[in-house]
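In what follows, chains are A, B, ... by sequence order, proteins preceding strands, each numbered from 1. Because the structure is a prediction, the values reported are computed rather than measured.
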There are 2 protein chains.
Amino acid sequence: MTTRRAPRARPETLVKRTEILRAATATFGAKGYKNGPLTEIADQVGMTHAGILHHFGSKDQLLVEVLKYRDQEDVAPLEGAHIPGGMELFRHLVRTAFTNETRPGIVQAYAVLSAESVTDEHPGRAYFEERYQTLRREITEAFAAVCAERGITAPATVDRAAASILAVMDGLQVQWLLSPDDVQLAEASAFAIEAIVAAVLEPSRTPLDLGLHPTS
Amino acid sequence: MTTRRAPRARPETLVKRTEILRAATATFGAKGYKNGPLTEIADQVGMTHAGILHHFGSKDQLLVEVLKYRDQEDVAPLEGAHIPGGMELFRHLVRTAFTNETRPGIVQAYAVLSAESVTDEHPGRAYFEERYQTLRREITEAFAAVCAERGITAPATVDRAAASILAVMDGLQVQWLLSPDDVQLAEASAFAIEAIVAAVLEPSRTPLDLGLHPTS
DNA sequence: GAGAGGTTACTACGCTGTCAGTAAGTGATG
DNA sequence: CATCACTTACTGACAGCGTAGTAACCTCTC
């Protein structure tokens, strides 16, 4: 319970810390959190594993800081450093998918860690729970804004659509990591997002009878 | 490399083996493969971990058999023990999503293991690679059949759609496991599958301009 | 009585975290 | 401006645990 916050860092030290965070992202991405040893991270930055623990206190804490670090890095390049709303959000998500195709390491880290986080007592669980909640809310609000713009009331499907959009992006990442030649990450993401957005804005022109609506 | 297959099993032993496979599914689901100890599996079936190794030779081999076992269990209840085609396949996928809502343990095992399989040298990797390839092919063929039925030529989007359908199902499982109260696994899956199928069969009535088509 | 289905005992290893010690920096002070 | 007091940034050794796999040995059952 010792709050090892703010150890009055030397300016040079902050550089080293982010170096560690990057190395940890690589190792956790390649091997998972539980199976990614501190020594491997330490090697990458020319240190012993004890040095890592000196900076972050524990491996659990390191993971939390890795996740937080990735968040602020992702938001950084955005205009005004804030996620857009309305239809622009969907465009942003599609752009993100295209960007992701150029950085398999980070994609792998998120894919592995998010799934691993559902295991018992995982230190990253709270982070991913909140993350998904936040993202779903933002997408739901974007739907509401777009619907309002078009003078229609947002249908009840927006909640399902919001979860589905995130889901399809994540799921495609796993398939893409397994078979990069068979799966077009960005284009498939764009296609699916368009399909889902269209289904919300112009619902069920043709009922497909997939068993959803219990007619039988 | 010793083929420890067919050790002339006693009928009672086969029961024990499947008992082990079920226990392993539970443990691997709860903790992941690497972090799921053999001793925990052994405890569940009233055995020592050496007993498990007697049956399966190694932990890696056990995982492979767990995955194979789940496959044949899933196909078993189906008519004719074979996956349907055409529009019936999509109905089957939606039904599966509803079934899955009643068995979080198995869902968790698949979610955790499929993502873990993309890590370095994971023993389950080949299985998941093939599994996704097979499933994508089956869905693509179902699309082709449905299109033929309607007298239209299957559009180029079927490949992306096939991957997207699997992706959305998998991705929703992770979110559902993290927040079961916030995410409706089955209903969201059904909605997304309908949306994607509709987008294939009746493409782009209204262009949404999500940046997919580089018009600028 | 041979082999299947185990157990007990043990080896060997990998991992996190602790601890003591060291070298280099920081800062107040006489 | 030199020195003393203290902090930061580590290293190296090691404790302590959990784990996979092996080997030898029982003990039922065909």
(request) Write down the distance between NE2 (His55(A)) and C1' (dT11(D)), rounded to a whole number of angstrom. (result) 12 Å

Please produce a list of atom pairs where a protein N or O lies less than 3.5 Å from an N or O of nucleotides 21-25 of chain D.
residue : atom : partner  : partner atom : Å
dG21(D) : OP2  : Lys59(B) : N            : 3.0
dG21(D) : N7   : His49(B) : NE2          : 2.8
dG21(D) : O6   : His49(B) : NE2          : 3.1

(message) Nearest to the side chain of Pro37(B), heavy atoms from C-beta on, is which of dG5(C), dT19(D), dT16(C)?
(response) dT19(D)

(request) Among the candidates dT11(D), dT8(C), dG5(C), find the nucleotide nearest to the side-chain atoms of Thr48(B). (result) dT8(C)

(request) Figure out the NZ/C1' separation between Lys16(B) and dG6(C), and round it to whole Å. (result) 10 Å

(request) List for me each residue that meets side chain to side chain contact (heavy atoms under 4.5 Å, CB included) alongside Arg22(B), sequence neighbours excluded, and say none if there are none. (result) Tyr69(B), Arg70(B), Glu73(B)

(request) Return yes if a side-chain donor-acceptor contact under 3.5 Å exists between Tyr110(A) and Asp170(A), otherwise no. (result) no

(message) From NZ of Lys34(A) over to C1' of dG17(C), roughly how many Å is that when rounded to an integer?
(response) 13 Å

(request) Send over the distance from Leu63(A) CG to dG17(C) C1', rounded to a whole Å. (result) 17 Å

(message) Checking Glu130(A) now: which residues fulfil salt bridge (Lys or Arg N to Asp or Glu O under 4.0 Å) with it, not counting sequence neighbours?
(response) none

(request) Send over the distance from His54(B) NE2 to dC28(D) C1', rounded to a whole Å. (result) 13 Å

(request) In whole angstrom, give the distance that lies between atom CD of Glu12(A) and atom C1' of dA24(C). (result) 11 Å

(request) Give the rounded distance in Å between these two atoms: CD1 of Ile20(B) and P of dA4(C). (result) 16 Å

(message) Please give me the minimum heavy-atom distance between Ser117(B) and Ser114(B), naming the atom from each residue.
(response) OG-O, 2.6 Å

(message) Could you tell me how far apart Ile52(B) (CD1) and dA4(C) (C1') are, to the nearest whole angstrom?
(response) 16 Å

(request) Over 60° means perpendicular and under 30° means parallel, so classify the ring planes of Tyr33(A) and Phe28(A), tilted if in between. (result) perpendicular

(request) Indicate yes or no: does Glu65(A) engage Lys68(A) in a salt bridge with an N to O separation below 4.0 Å. (result) no

